[in-house]
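For this chain, numbers begin at 1 and follow the sequence in order.
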Amino acid sequence: MELTREKIVEDVKGLLSEEQVNTEEAVLQANSVDRFRKYEDIHSIYSLPLPAAVVTVHNTEEVSSLLAYSNENGINVVPKTGGSATEGGLETAAENSIVMDGSQMKDIVSIDSYNMMATVQCGVCLEDLENILREQGLTTGHSPQSKPLAQMGGLTATRSIGQFSTLYGGIEDMVVGLEAVFPNGKITKIKNIPRRAAGPDIRHVIIGNEGALCYITEVTVKLFPYYPENNKYYGYLIDDMKTGFAILREVMVQGYKPSVARLYDPEDAADHFAFSDDRCVLIFMTEGPKPIAEATGRAIDDIVHTFSKKEKVESRLIQNWFEQLNWDPSKVTKERKEIKETNRIGFTTEVSGNWDVIHDIYECCISRIRREIPNITMLGGHSSHSYMNGTNMYFVYYYELRNIKPEEEITRFHYPINEIIVEETLRAGGSMVHHHGVGKHRTKWIKEEYGSSYYMLETLKHAFDPNGIMNKGTIFPLE
């Protein structure tokens, strides 16, 4: 028999404590959405089922107890830490859900500078960890724009990537070991070792699961020496995206490892750089030991010169811009205020593709959006994460909301734009999502994304979450 809302709250208070269970309406409303529905949220409109409670957990054992209870009673659980998600992964899609908040699991368990790894609980803020590490001359190498907001559990669960990924990789390249709890309450721990060949790499059952398979309670990541004094910044103005993609490809194929490699189209560049002059902007940053940073920078400069007349940008302009790039709570507050005052809102959609298709993906998406979507005030994009075999494309778009209800914004604008970008990317053979996660709004295309390998993904869900209590509608479409 399905439990009532009141019974769930009563049971959870008995299982943990009354102080850990929040049922204030404003808290429930805020925890029914993430930044995908920020326009509705700004206007205090909540169209999704409100959770029964937001439950703060303090340790792995409490996570285990709460999951086991939820599993036994068929209660949907939405795992959450920092709350900076953008794709609907934190939305409560089912009635009487429990939002399990691990943001207070903040212990830095260990910093092992000899074996070069740090172990932290899921609620540790990445920026807090980085500040501590940098005082010791170390870094995780992970630096998404959400660094001041995001916490380690959520970053791992969404397969996050940072601005220095070309050198350090994505979160999947940094994670050494993990602790996670599965729906039946089973606590599992993957040991911290550099590599092993003892069967499949089971870390990847957990990394990127977006709370649809398990709850991440602890993460161990690699550490790297931190050499900020050796950072070098390079900027160039070039004529077109096709040339820019060709330069990025050459840098990667020749084996160079800048920490940052970015290509902005003219419209996106104009939104960031006063000096862009309606041109594309190409940016590199090199870091590490001084000889490596300097040699990498010289080599990249030579490569750019072979493709394009070298119109360089002063390095201090690139450095100043880059140092203001991250989003902290004050920027989020400012954005919300501006949206409410102007009824102009912006979002991003990120995809990836091999070198032979990425320019076509860019061109097709831009032209279709311009043709099919009204009231667009800004449309552009940039590549920010490159690899030996391809790169990503991060589309950025703003539109005005004229004479429509806040709850219509998603269906009139956000959905259709997302749909165009995903359709064109999949048609070209790319991936519909590069680093934000599937969430709840790209599940429509999950089977097309996976093709015949969807069998493997679906089997994981049936095996680990047979009762379907973990974050309903995330990655796996609602039935």
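Closest approach of G169 and I161 over heavy atoms only: O-CG1, 4.4 Å. Annotation for T243 and I238: closest pair C-CD1, 4.4 Å, computed over non-hydrogen atoms.
Under the 3.5 Å distance criterion, with hydrogens and angles disregarded, no donor-acceptor pair is assigned to the side chains of E91 and S32. Remark: the T217 side chain and the E179 side chain contain an N/O donor-acceptor pair separated by less than 3.5 Å. Side-chain N/O atoms of S160 and H142 include a donor and acceptor closer than 3.5 Å. Side-chain polar atoms of T391 and S386 form a donor-acceptor pair below 3.5 angstrom. Side-chain atoms of N392 and H385 form no donor-acceptor pair, as typed in the model, at a separation below 3.5 Å. Between the side chains of N115 and D112, at least one donor-acceptor pair of N or O atoms lies under 3.5 Å. There is no side-chain donor-acceptor pair under 3.5 Å between S384 and Q163. The closest side-chain donor-acceptor pair between K440 and N471 falls under 3.5 angstrom. No hydrogens or angles considered: nothing links the side chains of T296 and T286 as a donor-acceptor pair under 3.5 Å. In this structure, a donor-acceptor pair under 3.5 Å is present between the side chains of E287 and Y168.
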Going through the checks in order, is the side chain to side chain contact (heavy atoms under 4.5 Å, CB included) test met by F464 and C214? CA-CA 8 Å; F464 290 119; C214 60; over 6 Å; no
Assess whether side chain to side chain contact (heavy atoms under 4.5 Å, CB included) is satisfied between I373 and I376, documenting all intermediate values. CA-CA 7 Å; I373 307 297; I376 293 287; 3.8 Å; yes
Is there a side chain to side chain contact (heavy atoms under 4.5 Å, CB included) between T349 and M393? Walk through the geometry before answering. CA-CA 8 Å; T349 301; M393 194 64 220; over 6 Å; no
Could you go step by step and tell me if L126 and Q151 meet the side chain to side chain contact (heavy atoms under 4.5 Å, CB included) rule? CA-CA 6 Å; L126 175 58; Q151 297 173 355; over 6 Å; no
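Note: Y394 and H436 meet the aromatic proximity criterion, with ring centroids under 6.0 Å apart. For an aromatic pair to be called close, the ring centres must be under 6.0 Å apart, and F322 with F164 satisfies this.
Using a 4.5 Å heavy-atom threshold, the side chains of I108 and L129 count as touching. T139 has its side chain out of reach of L223: every pair of non-hydrogen atoms, C-beta onward, lies at least 4.5 Å apart. Looking only at side-chain heavy atoms (C-beta outward), M100 and V54 stay at 4.5 Å or farther from each other. Using a 4.5 Å heavy-atom threshold, the side chains of N209 and I216 count as touching. A heavy-atom distance below 4.5 Å is found between the side chains of L138 and M116. L155 is listed as a side-chain neighbour of P144, based on a closest heavy-atom distance under 4.5 Å. Side-chain contact between I300 and I247 is absent, with no heavy-atom pair separated by less than 4.5 Å. At a threshold of 4.5 Å between non-hydrogen side-chain atoms, the residues C122 and Y215 count as touching.
Pairs engaging residues 337-365 under the ring pair (Phe, Tyr, Trp, His ring centres under 6.0 Å) rule: F347-H414 [sequence neighbours left out]. Contacts classified as salt bridge (Lys or Arg N to Asp or Glu O under 4.0 Å) and involving residues 133-155 (residues at least two apart or in different chains) are given here: E130-R134. Within the structure, the salt bridge (Lys or Arg N to Asp or Glu O under 4.0 Å) test picks out the following pairs touching residues 206-222 (sequence neighbours left out): K189-E218.
Within the 3.5 Å criterion, the main-chain N or O of G170 finds a donor-acceptor partner in the side chain of D173. Judged purely by atom type and a 3.5 angstrom limit, T342 uses its side chain to pair as donor or acceptor with the backbone of R344. A distance-only check finds no donor-acceptor pair linking the side chain of S352 to the backbone of H434 [under 3.5 Å]. Looking at Y397, its side chain never comes within 3.5 Å of a backbone N or O of T377 through a donor-acceptor pair. Looking only at distances, a side-chain donor or acceptor of N230 sits under 3.5 Å from a matching main-chain atom of G288. At distances below 3.5 Å, at least one donor-acceptor pair connects side-chain atoms of E267 with backbone N or O atoms of L379.
Between Y234 and Y236, the ring planes are parallel. Angles under 30° get that label, and only those over 60° would be called perpendicular. Ring geometry, H441 versus F36: the interplanar angle falls under 30°, so the pair is classed parallel (tilted spans 30 to 60°).
By the ring-ring contact (aromatic ring centres under 6.0 Å, His included) test, F476 is found to be paired with no residue, residues two or more places apart in sequence or in another chain being considered. In terms of the ring-ring contact (aromatic ring centres under 6.0 Å, His included) criterion, F307 has no residue partners (sequence neighbours excluded). With sequence neighbours excluded, the residues forming a side chain to side chain donor-acceptor pair (under 3.5 Å) with R402 are N375, E400, listed by chain and number. Considering only residues two or more places apart in sequence or on other chains, Q319 meets the side chain to side chain donor-acceptor pair (under 3.5 Å) condition with E323. Scored by the side chain to side chain donor-acceptor pair (under 3.5 Å) test, R249 finds no partners at all (sequence neighbours excluded). Under the rule for a salt bridge (Lys or Arg N to Asp or Glu O under 4.0 Å), E127 has no partner lying at least two apart in sequence or in another chain. The ring-ring contact (aromatic ring centres under 6.0 Å, His included) search around F273 returns Y264, F275, W321, not counting sequence neighbours. Taking the side chain to side chain donor-acceptor pair (under 3.5 Å) definition, one finds that S330 meets it with D328, sequence neighbours left out. Considering only residues two or more places apart in sequence or on other chains, E372 meets the salt bridge (Lys or Arg N to Asp or Glu O under 4.0 Å) condition with R368.
Atom OH of Y454 has more than 12 heavy atoms from other residues, nucleotides or ligands within 6.0 Å. Counting heavy-atom neighbours within 6.0 Å of K447 NZ, excluding the residue itself, gives a total of 12 or less.
Under the 4.0 Å criterion applied to side-chain N and carboxylate O atoms, E341 and K337 are assigned as salt-bridge partners. Between E424 and R427, at least one side-chain N (NZ, or NE/NH1/NH2) sits under 4.0 Å from a carboxylate O, which counts as a salt bridge. Using a cut-off of 4.0 Å between Lys/Arg side-chain N and Asp/Glu carboxylate O, D41 and R336 are scored as salt-bridged. In summary, R279 and D240 do not engage in a salt bridge, as defined by a charged side-chain N under 4.0 Å from a carboxylate O. A salt bridge links K38 and E335; the closest N-O separation between the charged side-chain nitrogens and carboxylate oxygens is under 4.0 Å. Look at R203 and D201 and you find a salt bridge, because one of the NZ, NE, NH1 or NH2 atoms lies within 4.0 Å of a carboxylate O, short of that distance. Comment: R316 engages E314 in a salt bridge, judged by a side-chain N to carboxylate O separation of less than 4.0 angstrom. By the 4.0 Å N-to-carboxylate-O rule, K461 lies close enough to D465 to be salt-bridged with it. Between R442 and E350 there is a salt bridge, since at least one side-chain N of the basic residue sits less than 4.0 Å from a carboxylate O of the acidic one.
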